[in-house]
Amino acid sequence: MILLKLLGIKWLPITLLVVIAAMVCVGLGIWQLDRLAQRRVFNVHVLAMQALQPLILPAQDDLTSMEYRAVKVSGTYDFANQIAIRDQFYDNQYGYHLVTPLQLVDGEAILIDRGWIPSAGNSSSSDWRKYDQPGEVILNGVIRLSQTTPNFGGVPDPTLTPGQPRLDFWVYANLDRIHEQMPYPIYPVYIQLDPDPSRTNPPIPYQPVLDLSEGPHQSYAIQWFSFATLLIIGYPFYINRQEGQKK
């Protein structure tokens with residue numbers, strides 16, 4: 001009887017809307033569960049990397065599978081080919097991250113995110129030379145992966161052309177693109193140096209603070225599934241009540 005009412009001419013449009021709304025809620029719940037699964041995989045990976053001893057570079061390992069693993073590396077900076085990543089902040093001040101190739105003993109180089117520098121007084125690559133650290137250096141940091149697409153709403157970097165052989169300022173660390181303007185091979189990952197709380201002079205090393213909790217995804221999923229259940233179960237009761245009031 002209730003099914004006939006739901007599919008009747010009078011209630012059919014509302015029934016379709018309720019079904020669609022319930023399907024949307026179920027879809028959003030599944031999406032939140034997928035986000036939860038992704039977050040759990042990420043957390044397990046980070047914790048596994050953090051439990052390992054620092055990796056000494058150069059190494060033949062697949063570094064692209066080791067993001068957030070601690071590394072130790074020595075070499076010589078190549079200041080002539082360093083770049084800057086735009087839109088970086090430190091203590092509410094706008095600036096850049098200074099990224100400098102470190103030449104290793106095996107002939108390759110790896111990019112080092114040396115940290116934040118202010119935008120003021122650093123409008124060109126020649127301005128960055130005041131941060132030079134000549135000679136061999138020994139560095140500690142973590143492996144980070146190349147970013148192949150801009151953040152949501154971000155603007156991609158322009159494509160290099162014969163008339164524009166290099167970019168000094170980049171929106172994000174796309175290592176495949178950056179490699180095109182380097183005179184030597186570079187590793188497919190880069191290193192963010194370990195923060196130094198006592199350091200107040202740029203470049204100031206930076207690493208993101210990672211949230212390794214499961215976040216709100218499970219509770220959100222339960223909410224969406226609850227909304228779908230209320231729609232599917234509550235709607236027939238609503239129809240019966242409306243029809244009963246007319247008798």
Side-chain angles (χ1 to χ4, degrees), residues 46 49-50 53-59 63 66-105 108-147 150-151 154-155 157 166-175 177-179 181-184 186-212:
V46 172
M49 291 299 103
Q50 292 178 343
Q53 292 294 319
L55 181 67
I56 308 298
L57 297 183
L63 301 183
M66 299 183 183
E67 187 172 24
Y68 297 110
R69 181 172 180 178
V71 291
K72 185 173 184 177
V73 61
S74 61
T76 304
Y77 280 129
D78 174 18
F79 303 107
N81 286 290
Q82 60 189 346
I83 63 169
I85 306 298
R86 296 178 180 272
D87 302 329
Q88 307 298 319
F89 290 85
Y90 173 77
D91 198 21
N92 294 321
Q93 298 181 69
Y94 178 78
Y96 319 117
H97 275 194
L98 186 59
V99 180
T100 309
L102 184 75
Q103 295 181 300
L104 310 183
V105 294
E108 288 193 284
I110 188 166
L111 296 183
I112 307 295
D113 183 342
R114 298 168 62 196
W116 179 87
I117 59 173
S119 60
N122 287 305
S123 59
S124 68
S125 58
S126 61
D127 296 325
W128 310 337
R129 298 305 301 266
K130 58 179 170 285
Y131 304 121
D132 284 6
Q133 188 177 355
E136 184 176 18
V137 293
I138 300 175
L139 306 173
N140 295 283
V142 297
I143 294 172
R144 295 302 311 273
L145 295 182
S146 170
Q147 185 178 351
N151 295 323
V155 179
D157 294 301
R166 64 172 283 114
L167 295 175
D168 288 333
F169 291 92
W170 292 73
V171 178
Y172 57 101
N174 186 336
L175 301 187
R177 296 271 317 276
I178 295 172
H179 174 266
Q181 69 180 46
M182 292 295 170
Y184 36 67
I186 62 172
Y187 276 65
V189 299
Y190 68 101
I191 296 175
Q192 281 184 320
L193 296 184
D194 289 342
D196 182 357
S198 65
R199 181 158 188 162
T200 57
N201 295 323
I204 300 175
Y206 162 86
Q207 286 179 13
V209 177
L210 301 177
D211 179 7
L212 299 181

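Scope of the values below: all heavy atoms of this structure, side chains included, with no hydrogens, waters or symmetry mates.
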What verdict does the side-chain contact (heavy atoms from CB on, under 4.5 Å) test give for W170 and V99, after you've listed the backbone C-alpha separation in whole Å, the side-chain angles of each residue and the deciding distance to 0.1 Å? CA-CA 10 Å; W170 292 73; V99 180; over 6 Å; no
How far apart are the closest heavy atoms of N81 and Q181, and which atoms are they? OD1-O, 4.2 Å
Let me confirm one number: the CG-CG distance from N122 to L98, rounded to the nearest 0.5 Å. 8.0 Å
Taking side-chain hydrogen bond (donor to acceptor under 3.5 Å, both in side chains) as the test, write out the residues that go with Q133, two or more places apart. none
Provide the closest heavy-atom pair for S146 versus L175 in the form atom of the first, atom of the second, distance. OG-N, 2.9 Å
For D194 versus P205, what's the shortest heavy-atom pair and its separation? O-CB, 3.4 Å
Residue that, paired with I83, satisfies side-chain contact (heavy atoms from CB on, under 4.5 Å) out of I178, D168, L167: I178
Only counting residues at least two apart or in another chain, list the ones meeting ring-ring contact (aromatic ring centres under 6.0 Å, His included) with Y77. F79
What is the ring orientation for W128 with F169, classed by angle as parallel under 30°, tilted 30 to 60°, or perpendicular over 60°? perpendicular
Would the distance check show the side chain of Q192 and the main-chain N or O of I112 forming a donor-acceptor pair, the cut-off being under 3.5 Å? no
Who pairs with T100 by side-chain hydrogen bond (donor to acceptor under 3.5 Å, both in side chains), at least two apart in sequence or on another chain? Q82, R114
Check whether any side-chain heavy atom of L111 sits under 4.5 Å from a side-chain heavy atom of M182, and report yes or no. yes
Rounded to the nearest 0.5 Å, how far apart are CG of D78 and CD1 of I186? 11.5 Å
Can you pull out every salt bridge (charged side-chain N to carboxylate O under 4.0 Å, His left out) where at least one residue sits in residues 128-137? Sequence neighbours excluded, please. R129-D132
Could I get the full list of side-chain contact (heavy atoms from CB on, under 4.5 Å) partners for I56, not counting sequence neighbours? K72
Check I143 against L63 and note the closest heavy-atom contact, atom names and distance. CG2-O, 3.8 Å
Let me confirm one number: the CG-CE distance from L55 to M66, rounded to the nearest 0.5 Å. 6.0 Å
Determine whether M49 and E67 make a side-chain contact, defined as any pair of heavy atoms from C-beta on separated by less than 4.5 Å. no
State which residues pass salt bridge (charged side-chain N to carboxylate O under 4.0 Å, His left out) with E108; sequence neighbours excluded, sorted by chain then number. none
Which residues pass the ring-ring contact (aromatic ring centres under 6.0 Å, His included) test with Y184, not counting sequence neighbours? none
Distance (rounded to the nearest 0.5 Å) between L139 CG and L193 CG: 5.5 Å
Nearest 0.5 Å please: distance from the CD atom of Q88 over to the OH atom of Y94. 8.5 Å
Which residues share a salt bridge (charged side-chain N to carboxylate O under 4.0 Å, His left out) with D87, sequence neighbours left out: none
Where V73 and L104 come nearest, the two heavy atoms and their spacing: CG2-CD2, 3.4 Å
May I have the step-by-step check of side-chain contact (heavy atoms from CB on, under 4.5 Å) for V142 and Q207, ending in yes or no? CA-CA 8 Å; V142 297; Q207 286 179 13; 3.7 Å; yes
R69 meets the salt bridge (charged side-chain N to carboxylate O under 4.0 Å, His left out) criterion, sequence neighbours left out, with none
Residues forming a side-chain contact (heavy atoms from CB on, under 4.5 Å) with D196, sequence neighbours excluded: S198, R199
Would V71 and I110 satisfy side-chain contact (heavy atoms from CB on, under 4.5 Å), going step by step from the backbone distance to the final call? CA-CA 12 Å; V71 291; I110 188 166; over 6 Å; no
Check whether any side-chain heavy atom of L212 sits under 4.5 Å from a side-chain heavy atom of V46, and report yes or no. yes
Residue list, side-chain contact (heavy atoms from CB on, under 4.5 Å) with D91, at least two apart or on another chain: Q93
If the condition is side-chain contact (heavy atoms from CB on, under 4.5 Å), which residues does I204 pass it with, not counting sequence neighbours? Y90, W116
When every non-hydrogen atom of P118 is compared with those of Y131, the smallest separation belongs to CD-OH, 3.8 Å
